[in-house]
Participant: 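Mind having a look at this structure? Questions to follow.
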Amino acid sequence: MLQVALAQVRLNARRFIAVSLAVLIAVGFLTATLIINSSSKASLTQSVGEAYRNADLLVTSDMYSADSAVLDEDTAALVRDTPGVDGVYAARQAYVTFGEGRDNVFAQLANTSDYADLFPVEVLQGTLPAADNELAVDKQTAELHELSEGSVLPLTSFIADPTGEQQTAEFTVTALVSDSNDPQAMGTPQLYSTSAAVDGFAEPETGFRSIQVALADGAALEDVRAALQEDVSGMAGVSVRTAQEQTDEMVASMTGGKDILTTILLAFAAVALLVCALVVSNTFSVLVAQRTRELALLRCIGAARSQIRRAVIVEALVVGIVASIAGVLAAVALMGGIIAYLKTIPESGFATLAVSPLAVMVGLVVGVAMTVLAALVPARAATAVAPLAALRPADDVRAGTKRGRVRLSIGMVLLAAGAALLAVGTATNNLLVALPGGMLSFIGVLMCATLFVPFLVRTVGRIAAPLGVPGKLAALNAVRNPQRTSATSSALLIGVTLVTMMMTGAATVRTSLDGVLAAGYPVDVSISGATDKSPFTSADADAARAVEGVREAVLVPSAGMAETENGPYGVYALTPEDAAKVVRDSALELDDGIILMPKGTADKTVTVQGASGSVELKVVVSESQALQPLITARTAETLGGLPAATADTYIPQPELWLSVVDGLNTNELMDLRTDLAAAVDVEDYAVSGSAIERGAYEQVIDVLLLVVTGLLGVAVVIALVGVANTLSLSVLERTRESSLLRALGLTRGQLRGMLALEAVLIAGVAALMGSVLGSLYGWLGVESALGAFAAVAPSLPWLQLTAVLAVAILAGLGASVLPARRAARLSPVAGLAAD
């Protein structure tokens, strides 16, 4: 039987092309999804975790906790002396300015590393600073300010020392380094010098940002980590993490303390696994079922049941191995192409391809296992009956038969249980509960398809009745065999549901994350006036509004002073109408009697002092730490203006708040900052705000969503192959029926039209069902994943959904072309004589 099985694969290769293609695409889809998981982590390491991507371990202190210990030279020496440590980079950072007048620029100054392998950026030209008066500059800053090797750049400390003096020194540029992809640093000039030089500008009490560690050859990471943890065990707030763990921690801090990204990507992998199983099983099951008579004939001539089963398993094994290898290679090539394209875009140059061995192994094992398992059930069914009985036409699995009732019962149980789990997972914002619930409910829908698919096809089929005999026959044939109709529609239903789910999910994720970013960064750009110049006026707001790229600009006058547990704050005033123009967070509603305060404010009420008195206001805390305290203009009128200035009181100056147009990249935002500084005659560093930082985070989100969206085309192809497979086999099963219609007078054109209309009816119903189910699953999936920290509202990309519906119908029509042509070309006599 082994020779028979191999001969079947060799002689009937065309029969296995459809199955091989389905396995190839399914395995490729699963593998590509797993590669996205590993590539996204690698990409985040190159962006969010760029500052420490070369480190094996990091010693960090919680900068947001006042009780955390400071990482100082003693800590660095302790780490350096730990067994197994080959090199250490104690990263220190200071803030400086350079340039004069309006061209004064705010910059970050960091120290270089004595251990070269830990330095986070690449040297593009020259050599890193060796003396305390030498400097390295990132390429973007060098081009913007016309700096090169040998240029002299005076630096001034941004914060004065305790005596009120600001450190000033001249540096010679000795190297140009690569630009930073860190969203927290993008848009700010990055300068590097020796540790001694940076110490002169840094605040001593801040200590090191982190102590990065490179392991010696042969050192075990966990052993060194345990030793470091023991060394710093008495230091409050100090942690020892790997570079990937630190990156995950930073991403989690962006998403409310949860590593949502990994969870979502693992959910995509699980969904891909379900799609693979359903598509391959459906396609291979129909193919093996078509060979039931052939297998029964082998039984008649002496083959044992076990031999038949082994022959089918061998066929499936050969097809599974070849197709799975091809699928893995196709996935690597696809993701490599997508990442290569992303690298050509400056805003996403940090995209990194990472093919994990796990992705390759899972793709191969799952592909082969699913192909073999998909062949077992029909092979067993074909050998479970007597050979002579199997040679007779098989009964359909209808709802009224015993097998049909069992199938429907199981489907109803799965649908009810899955819907309950999905509801619980959504209500509790637990994706790990909602995900299996969605899978079970969808399997239940497929198993119960014979209940509603024929009814829906019959209802829609009335549209085809005016097309004459082909239309009426198409409507009747589409529902005459409910099992065949359901099997044909299932392939397209799976694909459209997946595509729609991803489209709706991606749109909803983007909308939800935009809301989170808007809450954290509510004002795009704020401009503070210098104390030695006249305060801003409405004319300055008009000048800022005229700059290209600015959507709206408003003058924000200072209204008073507020004393809180966190210290004194300057209070600003706006009308609710002006606030709505520039504050992105729609949840922040400015109203009389309240004061909007930055995140971290513990006060329930705050007293605001003005020139003519004070007023106690209810505190509404925003999600942003950068938002200035804000009250309404009407409330400000009761204060009578600013209180009198004293030697110990800082009186805030009016500011300009701006909203910028959507879609600006980081370079355009930096140019906008320069243009705004020129328009209102201030230094560049006076123009701040969240647009650049938020834009950098949005670029990371866009890259990840773009990679996921690249899989949508693959899912469409899966659906097309599934429809073509089942429809082709359906036409082969009906060879005698089609020939009989031809013998009764149906022309070839009418036969082709009948089969095409039948395919369009089934495809249209499957596409509509898939669109509804996919939109629902996409919304509920995002709600369960992001609902704990973001307001999730369904966002339906109507244009894309309409395109999917049209493509699905065209796919059904296209899938019918070859089978219909084959059926029409067969002569009635030959068809009636077919077995």
Side-chain angles (χ1 to χ4, degrees), residues 159-160 164 522-523 525-545 552-583 585 588-622 624-659 676 680-683 685-689:
I159 300 175
V523 179
V525 175
S526 62
I527 307 177
S528 57
T531 56
D532 59 345
K533 294 183 180 180
S534 300
F536 286 137
T537 65
S538 57
D540 294 305
D542 294 336
R545 192 180 300 111
E552 193 57 73
V554 298
L555 176 67
V556 189
S558 46
M561 295 295 297
E563 188 67 36
T564 71
E565 291 183 0
N566 298 332
Y569 280 96
V571 179
Y572 294 83
L574 273 180
T575 64
E577 294 75 20
D578 282 344
K581 294 177 182 178
V582 293
V583 178
D585 188 2
L588 294 179
E589 296 184 4
L590 190 61
D591 200 0
D592 296 335
I594 69 167
I595 179 171
L596 299 180
M597 295 294 292
K599 184 177 181 179
T601 303
D603 305 77
K604 300 298 182 182
T605 61
V606 164
T607 299
V608 181
Q609 183 68 43
S612 60
S614 62
V615 60
E616 187 175 8
L617 301 174
K618 179 183 178 182
V619 172
V620 175
V621 181
S622 75
S624 171
Q625 294 177 332
L627 181 69
Q628 298 282 18
L630 191 63
I631 61 176
T632 62
R634 185 180 303 174
T635 303
E637 290 175 0
T638 64
L639 297 173
L642 292 170
T646 65
D648 299 328
T649 304
Y650 166 73
I651 302 299
Q653 295 294 315
E655 294 188 355
L656 297 176
W657 288 4
L658 295 80
S659 62
L676 285 171
V680 298
D681 192 24
V682 295
E683 290 80 5
Y685 68 80
V687 183
S688 60

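Source: prediction; values computed, not measured.
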Participant: To the closest 0.5 Å, what do you measure between CG (Leu555) and CG (Leu656)?
Facilitator: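 Separation between the atoms: 6.0 Å.
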Participant: Supply the atom-to-atom distance Arg634 CZ to Asp591 CG, rounded to the nearest 0.5 angstrom.
Facilitator: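 Result: 8.5 Å between the selected atoms.
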Participant: Could you check whether any side-chain N or O of Tyr572 sits under 3.5 Å from a backbone N or O of Gly560, counting only pairs where one atom can act as donor and the other as acceptor?
Facilitator: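 A pair under 3.5 Å: no.
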Participant: Might you point out which heavy atoms bring Ala611 and Gly640 nearest each other, and give the distance in Å?
Facilitator: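 So the minimum-distance heavy-atom pair works out to CB-O, 3.2 Å.
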Participant: How far does CG of Leu676 sit from CD1 of Ile527, to the nearest 0.5 angstrom?
Facilitator: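 One finds 4.5 Å between CG of Leu676 and CD1 of Ile527.
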Participant: Quiz question: by atom type and distance under 3.5 Å, do the side chains of Ser526 and Glu655 form a donor-acceptor pair?
Facilitator: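 Side chains of Ser526 and Glu655: no pair found under 3.5 Å.
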Participant: Starting from the C-alpha separation in whole Å, work towards a yes-or-no answer on side-chain contact (heavy atoms from CB on, under 4.5 Å) for Thr607 and Glu616.
Facilitator: CA-CA 4 Å; Thr607 299; Glu616 187 175 8; 4.1 Å; yes
Participant: Do Leu639 and Val615 have side chains that get closer than 4.5 Å, going by heavy atoms?
Facilitator: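 Yes, their side chains come closer than 4.5 Å.
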Participant: Do you know the tightest heavy-atom contact between Pro598 and Ser622?
Facilitator: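 Closest pair (atom of Pro598, atom of Ser622, distance): CA-OG, 3.9 Å.
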Participant: Taking all non-hydrogen atoms of both residues into account, name the closest pair between Val606 and Ala562 and its distance.
Facilitator: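 Val606 and Ala562 have their closest heavy atoms at CG1-CB, 3.5 Å.
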Participant: So Trp657 and Leu630, do their side chains get closer than 4.5 Å, heavy atoms only?
Facilitator: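 Sidechains of Trp657 and Leu630: in contact.
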Participant: What do the steps show when you test Met597 against Thr564 for side-chain contact (heavy atoms from CB on, under 4.5 Å), and what is the final call?
Facilitator: CA-CA 10 Å; Met597 295 294 292; Thr564 71; 3.8 Å; yes
Participant: Which heavy atom of Thr575 sits nearest to which heavy atom of Ala633, and what is that distance?
Facilitator: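 What the structure gives for the nearest pair is CG2-CB, 3.9 Å.
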Participant: Which distance, rounded to the nearest 0.5 Å, do you find between the CG of Leu617 and the OG1 of Thr638?
Facilitator: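 Answer for the CG-OG1 pair, Leu617 versus Thr638, is 7.5 Å.
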Participant: Mind checking the CD-CG spacing from Gln628 to Leu574? Nearest 0.5 Å is all I need.
Facilitator: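 It comes to 11.5 Å.
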Participant: Kindly write out the residues that satisfy side-chain hydrogen bond (donor to acceptor under 3.5 Å, both in side chains) with Glu552, not counting sequence neighbours, or none if the list is empty.
Facilitator: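 For Glu552, the residues satisfying side-chain hydrogen bond (donor to acceptor under 3.5 Å, both in side chains) (neighbours in sequence not counted) are Arg545.
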Participant: Distance check, rounded to the nearest 0.5 Å: Ile595 atom CD1 versus Leu590 atom CG?
Facilitator: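 Here the rounded value is 10.0 Å.
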Participant: Is there a donor-acceptor pair closer than 3.5 Å between any side-chain N or O of Ser659 and the backbone N or O of Lys581?
Facilitator: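 Indeed, once roles are kept as given, a pair shorter than 3.5 Å links the two residues.
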